[in-house]
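As the structure is a computational prediction, the values presented were derived from the model and not from experiment. Letters go in sequence order (proteins before strands), and every chain restarts at 1.
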Amino acid sequence: MQQRNSSCATHFETRLTKRHLISLTDLSKSEMERIFALAQEIKLGNAPPSLGGKILASCFFEPSTRTRLSFESAMLRLGGNVLGFAESQVTSAQKGESLLDSIRVIGSLADVIVLRHPKSGAARAAASVTSTPVINAGDGANEHPTQGLLDLFTMQELLGEVQGLHIALAGDLKYSRTIRSLILALRHYPIRLYLVSPPELPLPREMVQSIRQAGIKFSYHEDLFEILSKIDILYMTRRQAERSNDSLSIPYLLKKEHLDKVKPTLKIFHPLPRLAEIELAIDTTQHAAYFQQAANGLFVRQALLAMMLEG
Amino acid sequence: MHKKLSVNAIQEGTVIDHIRAGQGLQILSLLDILKEQQQITIGIHLKSRSMHFKDLIKIERLFLTEAETAEIALFSPMATVNVIRDYQVCHKYKVQLPSKIEGLFKCPNHLCIVNSEPISSCFDITASFTKVFLRCVFCGHLSSREEMVL
């Protein structure tokens with residue numbers, strides 16, 4: 001059982017109360033680091049004050065395993081309650097109700113809304129019609145901010161300092177919302193980026209602009225395997241077939257034999273679910289970080305909810 | 001050979017000058033005034049000392065709103081507006097790019113929520129040299145003005 005620790009109160013010097021989390025542009029570097037510090041405390045068994053009596057509305061208009069269950073588990077472990085739905089078929093969206101009308105009602109029933117929707121910008125639109133905090137759990141090909149947070153949290157946990165790292169982002173850079181959020185999380189740190197994708201899945205213009213504005217050095221590559229020996233982190237994504245009309249081939253297939261000449265400290269990340277882009281044999285190597293990455297989602301989301309709903 | 005004005009002066013109304021060549025008809029469409037009774041004179045590809053070629057629109061008895069001026073700036077950032085009273089230019093100003101524009105354009109991103117929900121589009125506007133860029137405030141998609149559809 002987690003101990004309630006009064007030292008967690010110091011993390012609430014940074015208030016996120018009544019704020020939406022739609023994009024990682026909504027958080028400063030210091031706010032992210034406060035969330036990570038609290039997440040680490042929680043992971044060590046020091047729970048923040050209870051959220052008893054608070055309700056989280058879990059509104060998933062798109063399928064999810066990790067994110068939905070992670071948020072719901074986080075809220076329940078904090079002493080709060082959960083209501084909601086896991087698919088749009090059971091909602092009045094089937095009767096033609098607009099998303100915004102649904103959010104107006106849901107906002108009056110809960111203390112926080114966690115929203116996943118197939119359309120980009122849905123979370124921002126939802127936040128415009130309710131004062132109840134909205135957490136974007138993934139909107140189309142736009143962003144997945146809590147994934148970006150847990151990705152960066154895990155990078156720091158495994159490699160210490162993020163600054164100076166060489167990080168490759170590989171796969172579907174065009175439609176992957178986790179890539180977008182991760183770039184926005186990393187923009188605060190002096191790193192080297194390798195953008196690895198087939199020509200039909202390039203990183204969108206606005207994200208390239210974000211990287212430039214952050215002063216981060218980057219390069220484009222089509223061949224993942226030519227840069228493997230140079231990098232500290234490989235972040236792989238699957239092709240987001242549900243958002244494009246492109247063919248279904250998997251951009252890169254990473255096999256255990258490809259890791260013969262990589263740095264011993266290389267860590268491989270993936271937001272999951274994976275298809276065949278990472279061979280199963282890699283799971284048991286020291287390079288595989290993706291399951292630890294997924295597990296950290298619980299602690300990061302607990303920290304975020306505690307900071308948003310405290311008081 | 002005598003130099004002659006291509007366009008006559010108006011008594012009262014608005015002259016939109018220094019319109020980017022070829023954009024005059026687009027701006028007329030934008031202002032949606034063709035159904036009104038005002039006399040409109042338009043010059044296309046007129047010679048210009050500052051721009052080589054320009055378009056120009058004269059509209060009798062019509063004065064632009066701030067919103068209309070902002071929309072003109074999106075298509076012709078260098079345009080100037082002359083307010084005419086009693087055949088005289090009583091006020092002249094350059095159009096200013098707005099920082100935001102709502103409801104005018106569709107979002108080019110087919111995945112954007114504004115294309116499937118009853119939500120007005122909204123874009124943050126930036127300019128780099130003479131190129132205008134619009135970023136959807138909802139989905140973040142960045143487009144040049146030329147890529148936008150009304």
Side-chain angles (χ1 to χ4, degrees), chain A residues 20 22-26 61-62 88 93 96-104 115-129 134 136 138-145 174-177 179-181 183-184 203-213 240 242-246, chain B residues 20 23 26 30 65-67 70-71 73-78 96-150:
Chain A
H20 303 292
I22 307 302
S23 158
L24 281 183
T25 57
D26 296 334
F61 291 86
E62 210 184 35
S88 65
E97 183 174 56
S98 71
L99 169 67
L100 298 194
D101 278 356
S102 300
I103 293 297
R104 286 181 179 101
L115 175 66
R116 172 170 284 189
H117 195 277
K119 294 295 182 183
S120 301
R124 185 73 68 194
S128 71
V129 296
V134 174
N136 183 6
D139 61 330
N142 185 30
E143 276 211 58
H144 192 347
K174 185 175 180 184
Y175 294 109
S176 171
R177 56 194 175 206
I179 289 281
R180 291 166 72 103
S181 286
I183 287 171
L184 293 175
L203 189 69
R205 181 193 308 179
E206 58 271 12
M207 296 315 300
V208 176
Q209 188 182 72
S210 292
I211 294 170
R212 284 208 171 99
Q213 285 173 350
Q240 310 285 308
E242 66 272 27
R243 297 189 219 294
S244 75
N245 297 320
D246 299 327
Chain B
R20 189 179 281 166
Q23 292 292 310
Q26 176 72 74
L30 200 63
T65 64
E66 200 174 311
E71 291 177 6
L74 287 168
F75 289 87
S76 201
M78 310 302 289
Q96 297 284 334
L97 264 183
S99 59
K100 259 184 168 52
I101 191 87
E102 277 193 55
L104 182 63
F105 296 109
K106 294 180 183 169
C107 182
N109 179 8
H110 69 282
L111 288 173
C112 184
I113 189 75
V114 300
N115 293 324
S116 57
E117 289 272 332
I119 303 169
S120 218
S121 67
C122 185
F123 298 90
D124 290 325
I125 296 167
T126 54
S128 176
F129 302 101
T130 56
K131 212 158 168 66
V132 177
F133 291 93
L134 295 90
R135 181 191 288 261
C136 177
V137 301
F138 294 103
C139 73
H141 188 83
L142 185 67
S143 309
S144 66
R145 211 279 306 146
E146 289 74 21
E147 292 167 324
M148 302 299 290
V149 175
L150 292 169

For the interface with chain B, which of E206(A), R124(A), K119(A) has the highest count of heavy-atom pairs at distances below 4.5 Å?
E206(A)
I'd like to verify something: which residue of A122(A), S128(A), P204(A) has the highest number of heavy-atom pairs under 4.5 Å with chain B?
A122(A)
Engaged part of I119(B) at the chain A interface, taking heavy atoms whose separation is under 4.5 Å
side chain
Measure distances from V114(B) to the heavy atoms of chain A and classify the residue's part below 4.5 Å as side chain, backbone, both or neither.
neither
Less than 4.0 angstrom from a charged side-chain N to a carboxylate O is my criterion; do E62(A) and R177(A) meet it?
yes
Cationic N near anionic O, under 4.0 Å, D124(B) to R135(B):
no
Quick check: does any side chain N or O of N142(A) sit under 3.5 Å from a backbone N or O of S120(A), one acting as donor and the other as acceptor?
no
pair F123(B)-V137(B): side-chain heavy atoms closer than 4.5 Å:
no
Between P145(A) and S181(A), is there a side-chain heavy-atom distance shorter than 4.5 Å?
yes
What part of Q209(A) is in contact with chain B, defined as an atom under 4.5 angstrom from a non-hydrogen atom: side chain, backbone, both or neither?
side chain
